[in-house]
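Each remark here refers to the structure printed beneath this line.
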There are 2 protein chains.
Amino acid sequence: MSNKKEIQRKRIMKFFIDAAKEIIKEEGVKGLTARKIGDRAGHSYATIYNYFSDIKELLAYCVFDFLEDCYQYMIGFKNENLNCIDQIIVYTDAYFKYFIEKPDMFQLIFIEDLGNIPIELLKREKKLSIGVLLKECICRCAEEGYIEKENIDVIYNLLGSSIHGKLVFLVNKRDVKSADDMLLELKSEIEFLMKIKR
Amino acid sequence: MSNKKEIQRKRIMKFFIDAAKEIIKEEGVKGLTARKIGDRAGHSYATIYNYFSDIKELLAYCVFDFLEDCYQYMIGFKNENLNCIDQIIVYTDAYFKYFIEKPDMFQLIFIEDLGNIPIELLKREKKLSIGVLLKECICRCAEEGYIEKENIDVIYNLLGSSIHGKLVFLVNKRDVKSADDMLLELKSEIEFLMKIKR
DNA sequence: AAATAAAATTAACATTGTTAATTTTATAAC
DNA sequence: GTTATAAAATTAACAATGTTAATTTTATTT
């Protein structure tokens, strides 16, 4: 049965993916090698190439799993009692610190070369992604009169790009600013965008 | 004389740096290898290690040269006749397109691992850097009453981070948006920040 | 039970950055 | 100017990498 085969295939793929994820968690992306993955998965390293076109493709699967992890972590910071602006600050703070503590994860999720990621995966990922949480908040800010409805998108884009832009500079050591400095900047950017101090 | 020696030393370093820069321009960062650098510089590849601790250090020198190139390019877009907001848009557009056309350059300048870059270099670079051009404009916008003086910094930070954040997603193919889409976003972000449409 | 297809493994290859050993070149002493 | 010494450059070598080819093992079908 083609179905049975497919289940087996998926299972073995998962062995490799999980092995790779463990190694990445322990040694970072740069510590990952085909041979280590094979060892940890209990197979030969050459077997990997029966399931993935190359290591980049395997890495892409890891990335989507890790993004899912990050999303789950972020959901833990949802707090209905919070004012919408404070909720944005809490999310931003959590997200920023998440990657400051796991710079390798940032490297992997946003920077590492993954070859050609299938566009469907990207679109799927976008729906159940961290961006959604942020957008919810911003929409609430519009409903509660902090910002204009027509500006929801532009503010969302600004904030999202700004967070990742800062993380790039921090993670890749292209700026003298500290993580704390950047977090303060980010907070004042949010307050500025939400008109609080104007 | 130690001086004479130092001149010779600097000269040979430059041979290697220039060779590396040529290779990067032709084949991208990933095409760069110690052996190719040696060949092109007319020396053995092992000689590199008499002048640089490793390839990363050589790469760091290339990065600062390339940043200088980029700065010179940007200066070409300075136009005193332009309204300050339009000048910001022109700069942003030019900068964005520069890296869209040279994604490898973006990779190298902002992302590639350069080991421990001496902090003095970073600080020096910051002064004669692209950021200065942008900041000038934003200050002019404050003088001409488009924005509040007290918001200069926050707007500067937002814009700078946003540009680089978008470039990361584009260059590393983490978004389905096209470069043109992002440029439009960027333009409306600038107009938003400068209150034009409010 | 034998023949065939599929999957997994071992062995091999070409490249890589980096270091050790060796040779060449420059400098200093006489 | 010749010889001893220091410096610099080169060749040779190493260990590690991703990937592929050849071979062996396992599963499937006849």
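Here the structure is a predicted model, which is why all the values come from computation and not from measurement. Proteins get letters first, then strands, A, B, ... in listed order; numbering begins at 1 in each.
Between the CZ atom of B:Phe15 and the P atom of D:dA8 there is a distance of 16 Å, rounded to whole Å. Going from atom CZ of B:Arg9 over to atom P of D:dA7 covers 12 Å, rounded to whole Å. Whole-Å rounding puts the B:Met13 CE to D:dA8 P distance at 13 Å. Atom P of nucleotide C:dT19 and atom CD1 of B:Ile48 are separated by 13 Å, given to the nearest angstrom. In this structure, the CG atom of A:Asn50 is 9 Å from the P atom of C:dT9, given to the nearest Å. The distance from atom CG of A:Asp39 to atom P of C:dA8 is 16 Å, rounded to the nearest whole Å. Rounded to an integer number of Å, the gap from A:Glu57 CD to D:dT19 P is 11 Å. One interatomic measurement links the two molecules: CG of A:Leu58 to P of D:dG18, which rounds to 11 Å at whole-angstrom precision.
OP1 or OP2 of C:dA8 has at least one side-chain nitrogen or oxygen of A:Tyr51 nearer than 4.0 Å. OP1 or OP2 of D:dT10 sits under 4.0 Å from a side-chain N or O of B:Thr47.
B:Tyr73 has its ring centre no less than 6.0 Å from the ring centre of B:Tyr95. Ring centroids of A:Phe16 and A:Tyr61 are separated by 6.0 Å or more, keeping the two rings apart.
In this structure, NZ in B:Lys177 is found 10.0 Å from CG in B:Leu170, a value given to the nearest 0.5 Å. Summarising the geometry, atom CD belonging to A:Glu143 is positioned 12.5 Å from atom CD1 belonging to A:Ile138; distances are rounded to the nearest 0.5 Å.
Within the nucleic acid shown, A:Ile12 comes within 4.0 Å of sugar-phosphate atoms alone, with no base atom in reach, counting heavy atoms only.
The main-chain N or O of A:Gly31 is found under 3.5 Å from a side-chain atom of A:Lys36 such that the two form a donor-acceptor pair. Between the side chain of B:Arg35 and the main chain of B:Thr33, no donor-acceptor pair closer than 3.5 Å is present.
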Between the protein and nucleotides 14-18 of chain C, which nitrogen or oxygen pairs are less than 3.5 angstrom apart?
| unit_1 | atom_1 | unit_2 | atom_2 | d |
| --- | --- | --- | --- | --- |
| C:dG17 | OP2 | B:Ala34 | N | 2.9 |
| C:dG17 | N7 | B:Arg35 | NH1 | 2.8 |
| C:dG17 | O6 | B:Arg35 | NH2 | 3.0 |
| C:dT18 | OP2 | B:Tyr49 | OH | 2.8 |
| C:dT18 | OP2 | B:Ile55 | N | 3.2 |
| C:dT18 | O5' | B:Tyr49 | OH | 3.4 |
| C:dT18 | O4 | B:Arg35 | NH2 | 3.3 |

Between the protein and nucleotides 26-28 of chain D, are there any N/O to N/O pairs under 3.5 Å, and if so, what are the atom names and distances?
none

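Remark: A:Lys102 is not positioned above the aromatic ring of A:Phe106, lacking an NZ or CZ atom under 6.0 angstrom from the ring centre and at most 45 degrees off the axis.
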Applying side chain to side chain contact (heavy atoms under 4.5 Å, CB included) to A:Phe96 and A:Leu167, what does each step give before you reach the verdict? CA-CA 7 Å; A:Phe96 206 79; A:Leu167 280 170; 3.8 Å; yes
Please report the C-alpha distance between B:Ile109 and B:Phe99 in whole Å, then the side-chain angles of each, then the deciding distance to 0.1 Å, and finally whether the side chain to side chain contact (heavy atoms under 4.5 Å, CB included) criterion is met. CA-CA 10 Å; B:Ile109 294 180; B:Phe99 286 115; 4.0 Å; yes
